[in-house]
Number of protein chains: 2
Amino acid sequence: MKPIYQRIADDLREQIADGSLPPGGKLPTEADLREKYGTSARSTVRQGLSLLVNEGLIVPRRAKGYFVREMRPLVYRPQSKFRRRPPEVDIYTHLLVSEGDERRPSQDIEVSIVEASTTVRSRLQLKSTDLVAVRRRTRRLDGEAYNLNDSYAALSLVEGSEWMMPTDVARGTNQVLAELGKELVRALDEIYVRMPTPEEVRRLQLGPGTPVAEHVVTTFAADDSPVQVTINVVPGDRHVIVYERVKDPDDFEQRPRSNWGAE
Amino acid sequence: MKPIYQRIADDLREQIADGSLPPGGKLPTEADLREKYGTSARSTVRQGLSLLVNEGLIVPRRAKGYFVREMRPLVYRPQSKFRRRPPEVDIYTHLLVSEGDERRPSQDIEVSIVEASTTVRSRLQLKSTDLVAVRRRTRRLDGEAYNLNDSYAALSLVEGSEWMMPTDVARGTNQVLAELGKELVRALDEIYVRMPTPEEVRRLQLGPGTPVAEHVVTTFAADDSPVQVTINVVPGDRHVIVYERVKDPDDFEQRPRSNWGAE
DNA sequence: TGATGCGCATTGACTGGACAATGACCCTCG
DNA sequence: CGAGGGTCATTGTCCAGTCAATGCGCATCA
């Protein structure tokens with residue numbers, strides 16, 4: 001016999017899945033459920049509801065009730081552009097972006113000098129004594145934070161340059177790096193999927209049960225030296241990460257059984 | 001004044017972060033914490049601990065206690081291979097894979113014919129009446145499931161071919177598709193970050209507080225028609241998703257201020 | 001009319017328990 | 001010495017409440 005709180009969660013989860021509880025819809029109150037399942041201990045009902053909250057399916061609103069979560073993901077493209085973009089692609093990627101999305105973007109920029117964390121240090125191949133400059137950006141849409149973007153570079157490289165200006169750099173910071181003799185020609189992307197830290201919950205105003213992707217980009221110059229590490233934190237409920245890949249002809253020769261389309 | 005259960009969670013979280021509670025280490029028992037925080041209602045202490053559980057930081061083991069979670073991520077590469085792989089890259093990507101990782105891979109394969117879900121249908125541009133074949137794979141490492149990989153293709157395309165054999169196809173299913181006149185030349189990757197469904201929790205034996213990445217790969221033939229959709233579900237605590245990008249020269253001309261290294 | 005305040009419904013935090021299930025350990029007995 | 005059983009520590013499930021905080025609507029009053 002399954003525990004009561006699980007039955008409550010399972011029943012509600014199914015109702016959400018089959019649409020009888022639509023996005024934005026209101027769930028039964030704790031009192032309703034207490035009666036319906038005869039359990040009559042508020043904590044049991046709350047335990048069941050908390051499961052759904054932690055799955056990111058519902059959100060509680062104090063003094064209002066529990067509601068089915070709604071989300072409208074944005075397309076997040078690590079690749080700057082697509083070489084080919086046939087009409088078919090747009091058919092569904094377009095569905096992801098809300099039609100007539102007129103929310104205005106803005107961002108906070110903050111630059112400081114810090115000791116490198118291990119994450120940054122190992123990727124930039126620095127000694128533990130080296131300092132790095134960090135350019136922290138919080139990106140917003142109509143005032144609401146939607147992702148965090150922190151770029152790190154060796155202080156010795158960017159000191160005194162425009163890279164360190166806490167304002168928007170019109171021609172792009174990568175152009176600044178190029179002028180410093182470090183044109184970026186290659187990037188390695190690592191994507192970690194995890195729950196957010198309380199700090200991230202605060203900065204991104206995340207609801208409970210919202211995981212994040214930590215997207216770490218290490219960029220390299222032509223001589224294969226690492227130049228910059230960018231850590232993007234993107235909330236899972238507000239983004240889809242999109243990549244396009246084209247077949248590399250060399251690949252086929254060397255490895256007939258490629259895992260194209262899979263892992 | 002912060003609620004007691006949050007103080008408990010914050011204190012423990014900090015101890016985990018600074019290493020005084022190392023991975024695999026045992027946390028104080030509920031009784032210890034009850035005493036320490038003078039709260040003396042088990043539910044309050046449990047509420048605090050459940051926060052950390054849902055953040056994926058700790059796991060409870062019945063009749064044993066709570067323990068700090070340990071994880072050893074595998075590298076998950078949607079791209080079949082890297083054209084250039086300078087030594088620097090390996091320095092840290094290698095750290096991710098446990099040294100001397102001798103776990104043996106295996107997989108279950110199961111093929112069936114189903115109606116296409118909206119996700120699959122829109123990507124394969126099918127009519128609602130069309131049927132699709134699905135090739136479901138559960139991949140294991142030493143018997144333990146580590147990701148799910150379901151490929152969908154129009155039934156009319158793959159019916160009767162080796163694609164539908166529920167066994168390993170030596171030369172690869174993509175080669176089979178090529179022989180059917182649909183060589184895969186391009187792919188679109190979409191990555192969604194979310195909490196797992198109970199079904200996924202069961203199949204992947206996920207601990208609480210473990211988010212997943214849903215990696216949807218749509219592959220196209222030379223004529224830009226969609227051929228196959230593969231949905232990979234990869235647990236966040238066991239994988240790092242890695243991509244490499246090289247600068248496209250065209251890119252620079254058309255769009256001087258590229259977002260190379262960022263979003 | 002418009003601002004103020006009161007009550008009500010609902011979730012948030014917490015109390016102080018009970019009994020069940022499980023895994024580890026120790027002791028006993030063959 | 002090994003198998004089996006019993007005890008104990010610890011988490012899992014559940015009970016039956018209390019008081020606080022909050023958002024909303026409604027009635028009151030200037």
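In this text, all values refer to a predicted model and were calculated from it rather than measured experimentally. All heavy atoms count here, side chains included; hydrogens, waters and symmetry mates do not. Quick note on labels: first sequence line is chain A, next is B, and so on, each numbered from 1.
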Peer 1: Decide, yes or no, whether a salt bridge links B:Arg69 with B:Asp237 under the criterion of side-chain N to carboxylate O below 4.0 Å.
Peer 2: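 Looking at B:Asp237 together with B:Arg69, the answer is yes, because their closest N to O distance falls below 4.0 Å.
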
Peer 1: Please check the phosphate of C:dT15 (OP1 and OP2 only) for any side-chain N or O of B:Thr39 closer than 4.0 Å.
Peer 2: yes

Peer 1: Atom CE of A:Met1 and atom P of D:dT13: how far apart are they, to the nearest Å?
Peer 2: 14 Å

Peer 1: Quick one: the dot-bracket string of DNA chain D, using Watson-Crick and G-U wobble pairs with both distances under 3.5 Å, [ ] for crossing pairs and | for bases paired to another strand.
Peer 2: ||||||||||||||||||||||||||||||

Peer 1: Can you pull out the residues from residues 48-67 of chain A that lie within a 4.0 Å heavy-atom distance of DNA chain D?
Peer 2: A:Arg62, A:Ala63, A:Lys64

Peer 1: Quick one: do B:Arg13 and B:Glu55 make a salt bridge, cutoff under 4.0 Å?
Peer 2: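 Salt bridge present between B:Arg13 and B:Glu55.
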
Peer 1: Between A:Gln6 and A:Ser40, name the one whose nearest nucleotide on DNA chain D is closer to the 5' end.
Peer 2: A:Gln6

Peer 1: Please tell me whether B:Tyr76 and B:Asn147 have a donor and an acceptor in their side chains that are separated by less than 3.5 angstrom.
Peer 2: no

Peer 1: Is it the case that B:Thr138 and B:Arg203 place a side-chain donor and acceptor less than 3.5 Å from each other?
Peer 2: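 Yes, side-chain donor-acceptor contact under 3.5 Å.
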
Peer 1: Can a side chain N or O of A:Ser43 be found less than 4.0 Å away from OP1 or OP2 on D:dA16?
Peer 2: no

Peer 1: Are B:Arg61 and B:Phe67 in a cation-pi contact, defined as NZ or CZ under 6.0 Å from the six-membered ring centre and within 45° of the axis?
Peer 2: yes

Peer 1: Without swapping roles, check the side chain of B:Arg123 against the backbone of B:Thr119 for a donor-acceptor pair under 3.5 Å.
Peer 2: yes

Peer 1: In whole Å, I'd like the distance from the CZ atom of A:Arg42 to the C1' atom of C:dA9.
Peer 2: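 Whole-Å distance recorded here is 12 Å.
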
Peer 1: Can you measure A:Ile8 atom CD1 to D:dC14 atom C1' for me and round it to whole angstrom units?
Peer 2: 11 Å

Peer 1: Any carboxylate oxygen within less than 4.0 angstrom of a Lys/Arg side-chain nitrogen, looking at A:Arg140 and A:Asp108?
Peer 2: yes

Peer 1: Round to the nearest Å and state the distance from B:Tyr5 atom OH to C:dC14 atom C1'.
Peer 2: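 To the nearest whole Å, that distance equals 11 Å.
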
Peer 1: Side chain to side chain contact (heavy atoms under 4.5 Å, CB included) between B:Glu30 and B:Leu49: does it pass, once the steps are laid out?
Peer 2: CA-CA 9 Å; B:Glu30 293 177 358; B:Leu49 289 164; 3.9 Å; yes

Peer 1: Begin from the C-alpha positions of A:Arg34 and A:Thr44 and carry the test side chain to side chain contact (heavy atoms under 4.5 Å, CB included) through to its verdict.
Peer 2: CA-CA 8 Å; A:Arg34 218 186 53 202; A:Thr44 301; over 6 Å; no

Peer 1: Answer yes if the ring centres of A:Tyr192 and A:His215 are under 6.0 angstrom apart, and no otherwise.
Peer 2: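 Aromatic pair excluded; centres sit 6.0 Å or further apart.
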
Peer 1: Using a heavy-atom distance cut-off of less than 4.0 Å, which residues of residues 26-38 of chain B contact DNA chain D?
Peer 2: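 Contacting residues: B:Thr29, B:Glu30.
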
Peer 1: A:Gln47 has an atom CD; how far is it from atom C1' of C:dA13, in whole Å?
Peer 2: 16 Å

Peer 1: Mind checking the CG-OG spacing from B:Leu131 to B:Ser112? Nearest 0.5 Å is all I need.
Peer 2: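 Rounded to the nearest 0.5 Å, the CG-OG separation comes out at 11.0 Å.
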
